[in-house]
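Here's the structure, in structure tokens; my notes come after.
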Amino acid sequence: MAKGAAVKPAAPAVKDISYNPRVVEKKWQAKWEADKLYRAVIDERKPKHYALTMLPYPSGDLHIGHWYAMIPPDARARFKRMQGFNVLFPMGFDAFGLPAENAAIKDGVHPMKRTYANIERMRKQMRSMGAMFDREREAVSADPEYYKWTEWFFIQLYKHGLAYRKKAAVDWCPKDNTTLAREQVVGEGRVCERCGTPVIKKNLEQWFFKTTKYADELLNFDGIDWPQTVKTLQTNWIGRSEGAEVNFHIASEKELGNQESGIRNRDGLIPPDSQSLITVFTTRPDTLWGATFMVFSPEHPLVDKITTPEQKAVVDEYKAQAARQSDIEREAADKEKTGVFTGGYAINPVNQARIPIWIADYVLMSYGTGAIMAVPAHDERDFAFARKYDLPIVPVIQPEFQNEAEMGNPSTGSGQRMKAAYIGDGVMVNSGPFNGTKVNTEKGRKNPGIRKVIDWLEAQGIGKESVNYRYRDWLISRQRYWGAPIPMIHCEKHGWNPVPEDQLPVLLPEDVEWKPTGESPLKLHPTWKNTTCPVCGGPATRETDTMDTFMCSSWYHLRYLSPHYNKGPFDQAEYNYWMPVDTYTGGIEHATMHLLYTRFFHKALRDMGITEGNEPMLQLRNQGMVLAEDNSKMSKSRGNVVAPDVLVEKYGADTVRAYIMFFARWEMGAPWDSQGIEGTARWIRRVWALFTDQTPPTTASVEVKKNLRRKVHQTLKRVTRDFERFEFNTIISSLMELMNEMYKAREAGAAGSADWNEAAEIYLKMLAPVAPHIAEELWTNHLGKPYSIHQQMWPKVDEAAAKEDVIEIPVQVNGKVRDRIMVPAEASEDQIKSAALASETVQKYLEGQEPKKVIVAQRRLVSVVV
RNA sequence: GCCGGAGUGGCGGAACUGGCAGACGCGCACGACUCAAAAUCGUGUUCCUUCGGGAUUGAGGGUUCGAUUCCCUCCUUCGGCACCA
């Protein structure tokens, strides 16, 4: 800091206002491109750094959000490069997808034509950013040379048993006319992630990837530096829950015949055959003795078998009604529970209790086994159901310190007086051999009660430890044209077989018609689907569905390594050098989609010997969102989008880049402020003037120069740290501060001195990643340094120079700052202490009293307590 | 309901590991330059004030010599999940 420095006015500098970003930026962009300055090639002598930013969909126009996503990572990649890393920073296009096809249905423009025109336009716009993308690494997922390998990967997954076909109730978007992965259905209304239309269920046979095989491994984030929020989102999405599977069986004739004699049936137990076995999943096996009824999902296959003739009419009616309801209606959590009795009974294997079987739509066929044991005393949902239909409630967990009135009286075997289900800890009661066992609120084996019961169930052969996941396999079929074809052939005799690999890629036919029929144009194409069976050579048909575009983006980071390589998806040498990705950046909206798929993909490939290591991306950072000025979301339809092209035209790319980095915390985002950019523009112009003004001769004092040098190295230290941490806004403010100091130093006559020249050099090097054009122009043409600034090494901090020699220390009396004292930086704590107590102001506040305590805190503050 | 993030001047935000709250910028006010405006430059700018000070980082409490920072309770807001047995 320049505190205490005598600022002597010098002759005013002569202003140079020749800064014209349009000329400067065009000039350098052309030169850098001609020189292939940003070409990244393998160089074993240098450490590598793979910086990756999520690739855009070619929507047609680059908007401010793209800049926000790409520019700060670009600046950081440039910084890494100056630090001596060999940096790969590629860009490409996620070019398949619905919007282009939907537009084609409207106006007949072929998706391919539209997509490639959009790409061309966006390439041009991207050039104006002045980013260090390696153009020769660009990959476009809709290029046959790309999707050939997307198809190839499908076949590898198929061959390794990770791609399979099954009929299932799948989510269908009636507007986009296609199935969707579970992840693409969002929100309370269960709507299509893309178009907001409520989805419906369809029973279809579709292709799936076995993502669930990796569920446990995907929960492990060891060795990767990812934001906690993403890890939490993925963990919740996978939804692992630990418990047990328990085998109940349908009560036999004999068991039913005994019903007068009560719950127990000691003699003549008929061993349950597999037909009458009902397996349930429960996270609370410790409450098994409290199961007083069972509930089946209305779709459960055993429902018809157990339903008695008397109950058939109501059961059929309930089933029909459940089938009619949409998912939204059915899954509304606050809906009152309904259900009907089937007339059938099951036998609880732990105590032979004969319990009624109901069906209810709150039990989902898609989770667990589609059937549950209901323990109304200790589960809120079961409690509500039991109350409504007057089913017995038997408490089996007794809280240790609660009176009977609240709990009901367990000794009578009745929980009818309970006001709510009890889900806390306590002691097992009414539970045969387990009475007295303590139960806490831990999940799974960590809970002593659950652990003991699971071990016992396994010993008895009536159940086993089990884990269930909310996570589903990834549905990848899309009934659309504009995607990578699923390379499978169906033959009447030989079923499904992959297209022989030497016949890849299966190319999309170009002569297709756009009709809003809801069927894939591939299916309607007269000849495309006809082919021969790879097994017998007989007539066969191609799969006409295409792949979810998330399949393309699951491996694009590999295609960038060698986008035109034709012997495999990537060149092994490139892989060995560049992978894994060192820093990955993008929006958090992909937490449970792309980011989970790409981890799955990498692990599956690893198990096939194609990739190495457990994770594809070591470090992940998410940028926030740029909102419109009124805090609303930017969208074309609202007409509130900020067009970067206009800003570049007005201020130049360097200013837009700097403002993008400055105006918000990058990971948070903020509403756009079109006035705020004026401040950044002013700064850039002032930087230009600082370096181009004609300055008076050097007259500065030693002190002024020393202070300048201190500020330079303090700033360098801070900027270096902030680049590492993705704290871009403070990089800019530090550079603004240093510039202000340099203006003051110049006014004090520092220009032209050795310290000034060092400051100028370091300043431009720090500016180079942020504002590459102006930094290059000032570096080569005004400082006369060798081209290019972007090939210079990042400067080293001189710690000694950065140190203050006099420090100002605030003195608190009873927690309030009363004075500030100046002491030498090397002063001992004792010296600081006496200096503080010597202060007149401090003495005044002491009012003659002896201080009780004097704390000198890390030479930063003195605290006097009276 | 459950899980996670955030809450600091008129605004965006800063504050290293518990140690001077409000850096930097926008906006605003005043001044210089100008016939005038813009641009530019300079000064000021958390609030209250009886000009001594006092209050202040969503609210309340706690730990501490000292809390924007740690702990507890609550409020607001954003995001995710949601009858998951």
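Within every chain, numbering begins at 1; the chains are lettered A, B, ... in the order of the sequence lines, protein sequences first and strands thereafter. Just so you know, these numbers come straight off a predicted model, no measurement behind them.
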Taking side chain to side chain donor-acceptor pair (under 3.5 Å) as the test, write out the residues that go with [X], two or more places apart.
X         : answer
Thr212(A) : Asp473(A)
Asp225(A) : Gln619(A), Arg621(A)
Arg284(A) : Asp286(A)
Ser674(A) : Glu629(A)

Scan nucleotides 12-19 of chain B nucleotide by nucleotide, 5' to 3', and note B when protein non-hydrogen atoms come under 4.0 Å of the base, S if they reach only the sugar-phosphate, - if neither.
BSSSB--B

Please give, in whole Å, the distance from [N] [atom2] to [X] [atom1]?
X         : N       : atom1 : atom2 : answer
Gln675(A) : rG25(B) : CD    : C1'   : 12 Å
Ile684(A) : rC24(B) : CD1   : P     : 18 Å
Ile677(A) : rG27(B) : CD1   : P     : 12 Å
Arg240(A) : rA85(B) : CZ    : P     : 13 Å

Stems of at least 3 consecutive Watson-Crick or G-U wobble pairs (donor-acceptor distances under 3.5 Å) involving RNA chain B, listed by first number, are B:1-7 with B:75-81, B:10-12 with B:24-26, B:27-32 with B:40-45, B:46-48 with B:53-55, B:58-62 with B:70-74

What distance, rounded to whole Å, do you find between the two C1' atoms, one in rG9(B) and one in rA15(B)?
15 Å

Rounding to an integer number of angstrom, what distance separates rC47(B) and rU57(B) when you compare their P atoms?
16 Å

Compare the minimum distances between each of rC3(B), rG80(B), rA23(B) and the side chain of Thr232(A), then state the nucleotide with the smallest one.
rC3(B)

Syn or anti for rG52(B) (syn when the glycosidic angle lies within 90° of 0)
syn

Does anything in residues 231-248 of chain A form a salt bridge (Lys or Arg N to Asp or Glu O under 4.0 Å)? List the pairs, not counting sequence neighbours.
Asp216(A)-Arg240(A), Arg240(A)-Glu242(A), Glu245(A)-Lys464(A)

Going by an N to O cut-off under 4.0 Å, is there a salt bridge joining Arg721(A) and Glu724(A)?
no

Enumerate the side chain to side chain donor-acceptor pair (under 3.5 Å) contacts for residues 655-665 of chain A, please, sequence neighbours excluded, ordered by first and then second residue.
Asp74(A)-Arg657(A)

Residues two or more places apart in sequence or in another chain: which of them pass side-chain contact (heavy atoms from CB on, under 4.5 Å) with Ala69(A)?
Gln623(A)

Residues Met294(A), Phe248(A); criterion side-chain contact (heavy atoms from CB on, under 4.5 Å); working and verdict:
CA-CA 10 Å; Met294(A) 284 189 102; Phe248(A) 285 60; 3.8 Å; yes

